[in-house]
Amino acid sequence: MANIKGMKVNQPYNRLIGDMPKIGIRPTIDGRLGGVRESLEAQTMNMAKATAKLLETSLRHSNGMNVECVIADSCIGGVAEAAQCAAKFEREGVGVSITVTPCWCYGSGTMDMHPTMPKAVWGFNGTERPGAVYLAAVMAAHAQKGLPAFSIYGHDVQDSGDNSIPDDVREKLLQFARAGLAVATMRAKSYLSVGGISMGIMGSYVVHDLFEDYFGMRVETVDMSEVSRRLEHDIYDAVEFKKALAWVKENCQEGKDYNPKGKQQTRAQKNAAWATSVKMALIVRDLMIGNPKLAKLGYGEEALGHNAIAGGFQGQRQWTDLMPNGDFLEAILTSSFDWNGIREPFTVATENDAMNALSMLFGNLLTGTAQIFADVRTYWSPDAVKRVTGYTLDGQASNGFLHLINSGPATLDGTGQQERNGQPAMKPYWEITPKEVEKCLDATTWHAGVLEYFRGGGWSTRFKTKGGMPVTMCRLNLVKGLGPALQLAEGYTLDLPDDVHSVLEERTNPTWPTTWFVPNTTGQGTFRDVYTVMANWGANHGSISYGHIGSDLITLASMLRIPVYMHNVSEEQLFRPHSWAAFGTAEKESADFRACEIYGPLYGKSR
């Protein structure tokens, strides 16, 4: 049993440099004084206040901090007030813009002209004043000026005195805001590449232009020898290391050593691997976000970190042929807890797969939850399962399933031992209880690294994800001549009978974490069956997020001008900028590609 005595939820804070982005609310109005504007001031400002209240009470940043809204000082009736609003937004650190209005306004004079900020306009569906007419006019202006904006228009007519936000409008405001905040949060942060290309995996070929042009991020590269230097010279917090190692000994239960008897490491070697693995976790964390305690040790430069919102560790093979693998550091950093309590998970990619790190980052920023990094390893057909185990698949798994298993680590949240409404879940860290941490730890065993893979040893993570969780698997791929393109699959985790699970798991590697996944199939295209999903997956890795978040991912991708070429989200849930319709309405996937090509990367043309 894990010992979670004293385990507490850490208070939210921003561990990166730069303030958290705010949402700006722009109440626009018919500027004609002498009766028209005066009659609309209260209604227009009330729309802005209601929108701000909705967003501030419904959303949190992925680090748990409350979302703040900034409302323009006055209603915006023309270009002067639009400029005043823009100046205020710049001072206040606004990263997302929402314009609201119940009436006609002068489109080009009141619109948000910021070149990169995500924008939406809510036009009130009423009859007293033509809010819908302004919405249509300003969408035309945004389209003509090449500034994509999202259109929000309620399904049902409201009375002018109705200050409520209809459910359909509410959902679009929240969906837009979640994606917009993700865009704004990534900007000016870093991806930390610890090492280089792992085993020829092109996802670990970190393309700087991609990060700069599409995400407004920079890439920081640190050779793995820097980890060696910090190990050799004790450049880490020794007090925290002692605390962490004691916690690991008490809470990380060892499982069977699957190495052949004659080739197993000694107990002393295994203990040393534990100590090194814990130090590596501290070092990579400090490389990402810095650690002021290092300055007190005389390492002022190292104390600063790299302001990394995401990172990756190469590991194989140059590191793992000599040193303990990175499985522990990747598993514990990507979990929502450690020896310091329950806290925001980090985004760290196995094998330095930067494309999967971005996929993980998308999911984390949209949901606040930890993300599972996994190999998309095997499609198991009903016939194959029957042949190997004698078991007949039925129900959810009747058409087969995918085996998602990473070669060593995955977030311990991925055990599915947290709960929401009595069902297995992966929750934002601020909702996780100490008891749920205990259950995650108890469901995980740590196994001596298989030496034929990891010659330097180390400790790999083993668990079985509980079935019944709604999840979304996604992957950002990079295609020459096209650029980045996103694919995703919503579905559910699966429980198999223990004996069936054991037979299938033993065929791969029983020291690694397993998630059985059934994507939702539609009978058409790439989702006509489970096999076809596997056959069209774009790379060997995928990122798995709790919840069916496909529509949010598609909204986010459109803001970044990244097309989505494979998804199983219903058309009614799609929410992209209004101008996307001009690129075609019959084939929305093709229209998405054309729009993204014409508009280009959010922060400039990729070179």
Do side-chain atoms of D223 reach the backbone of E226 as a donor and acceptor pair under 3.5 angstrom?
no
Can you tell me which residue pairs pass the side-chain hydrogen bond (donor to acceptor under 3.5 Å, both in side chains) test with a partner in residues 379-389, sequence neighbours excluded?
K386-T392
Is the side chain of Q371 donor-acceptor paired with the backbone N or O of T369 at a distance under 3.5 Å, no angle test?
yes
Under the side-chain hydrogen bond (donor to acceptor under 3.5 Å, both in side chains) criterion, do D499 and S502 qualify, and how do the steps go?
CA-CA 5 Å; D499 58 338; S502 295; over 6 Å; no
Please round to the nearest 0.5 Å and tell me the distance separating atom NZ of K435 and atom CD of E438.
4.0 Å
Please check if the side chain of N10 supplies one atom and the backbone of N340 the other of a donor-acceptor pair under 3.5 Å.
yes
How long is the span from the CZ atom in R377 to the CG atom in L404, to the nearest 0.5 Å?
10.5 Å
Taking the six-membered ring of F241, is the NZ or CZ of K279 close enough (under 6.0 Å from the centre) and on axis enough (within 45°)?
yes
Should the pair R285 and Y236 be classed as cation-pi, given the thresholds of under 6.0 Å to the six-membered ring centre and 45° from the axis?
no
Please check if the side chain of E431 supplies one atom and the backbone of P428 the other of a donor-acceptor pair under 3.5 Å.
no
Under a 3.5 Å distance rule, please check whether Y429 uses its side chain to pair with a backbone N or O of N63 as donor and acceptor.
yes
In terms of relative ring orientation, are Y453 and W512 parallel, tilted or perpendicular, with 30° and 60° separating the classes?
tilted
Determine, stepwise, if the pair K270 / D257 fulfils salt bridge (charged side-chain N to carboxylate O under 4.0 Å, His left out).
CA-CA 11 Å; K270 291 177 179 179; D257 187 341; 2.8 Å; yes
Polar side-chain atom of D442 near backbone of A2 as donor-acceptor pair, under 3.5 Å:
yes
Under the salt bridge (charged side-chain N to carboxylate O under 4.0 Å, His left out) rule, what do R462 and E505 come out as? Steps first, then yes or no, please.
CA-CA 11 Å; R462 182 188 190 184; E505 182 189 45; 2.7 Å; yes
Could you tell me whether a side-chain N or O of R343 sits under 3.5 Å from a main-chain N or O of S335, the two making a donor and an acceptor?
yes
Got a donor-acceptor contact below 3.5 angstrom from the T472 side chain to the S545 backbone?
no
Please enumerate all residues that pass ring-ring contact (aromatic ring centres under 6.0 Å, His included) together with W516, with sequence neighbours excluded.
F401, H403, H501
Is the count of non-hydrogen atoms from other residues, nucleotides or ligands lying under 6.0 Å from E506 atom CD greater than 12?
yes
Using modelled atom types only, decide if a donor and an acceptor are shared between the side chain of D327 and the backbone of A331 within a distance under 3.5 Å.
no
Please identify each residue that fulfils side chain to side chain contact (heavy atoms under 4.5 Å, CB included) with E250, with sequence neighbours left out.
N3
Distance-minimising heavy-atom pair for V206 and F211:
CG1-CE1, 3.7 Å
Identify, with sequence neighbours excluded, every residue that meets side chain to side chain contact (heavy atoms under 4.5 Å, CB included) alongside M566.
Q487, T526, F527, V533, N536, W537
How far apart are the C-alpha atoms of V450 and N259, what are their side-chain angles, what is the distance that settles it, and do they pass the side-chain contact (heavy atoms from CB on, under 4.5 Å) test?
CA-CA 6 Å; V450 176; N259 290 291; 4.1 Å; yes
Take atom CZ in R15; do more than 12 heavy atoms of anything else shown fall under 6.0 Å from it?
yes
Run the side chain to side chain contact (heavy atoms under 4.5 Å, CB included) test against Y492 and tell me which residues pass, sequence neighbours left out.
Q396, P470, N520, H548
Test S543 against N356 for side-chain hydrogen bond (donor to acceptor under 3.5 Å, both in side chains), laying out the working first.
CA-CA 6 Å; S543 173; N356 220 53; 5.2 Å; no
Yes or no on salt bridge (charged side-chain N to carboxylate O under 4.0 Å, His left out) for E240 and K293, after CA distance, side-chain angles and deciding distance?
CA-CA 10 Å; E240 185 181 2; K293 292 182 180 179; 5.8 Å; no
As an exercise, state the distance from OG1 of T320 to CZ of F454, rounded to the nearest 0.5 Å.
6.5 Å
Between L412, D413, V348, T347, which is the residue that forms a side chain to side chain contact (heavy atoms under 4.5 Å, CB included) with T334?
V348
To the closest 0.5 Å, what do you measure between SG (C474) and CG (L553)?
5.0 Å
Strictly distance-based, threshold 3.5 Å: is any side-chain N or O of Q253 a donor or acceptor partner for the main-chain N or O of T444?
yes
Quick test of your reading of the model: are K439 and E419 salt-bridged, counting only N-O distances below 4.0 Å?
yes
Can you establish whether the number of heavy atoms outside Y258 located under 6.0 Å from its atom OH is more than 12?
yes
Less than 3.5 Å apart, which donor and acceptor atoms pair up between the side chains of residues 302-312 and the rest of the protein, not counting sequence neighbours?
unit_1	atom_1	unit_2	atom_2	d
E302	OE2	R229	NH2	2.7
H306	ND1	E220	OE1	2.8
N307	OD1	I17	N	2.7

Checking ring-ring contact (aromatic ring centres under 6.0 Å, His included) between F328 and each of F313, W459, W446, which is the one that passes?
W446
Does some side-chain heavy atom of M426 sit less than 4.5 Å from a side-chain heavy atom of I372?
yes
What is the ring orientation for F215 with F362, classed by angle as parallel under 30°, tilted 30 to 60°, or perpendicular over 60°?
tilted
Any side-chain donor paired with an acceptor under 3.5 Å for S204 and E351?
no
Residue pair Q316, S407: steps toward the side-chain contact (heavy atoms from CB on, under 4.5 Å) verdict:
CA-CA 11 Å; Q316 297 186 74; S407 51; 4.1 Å; yes
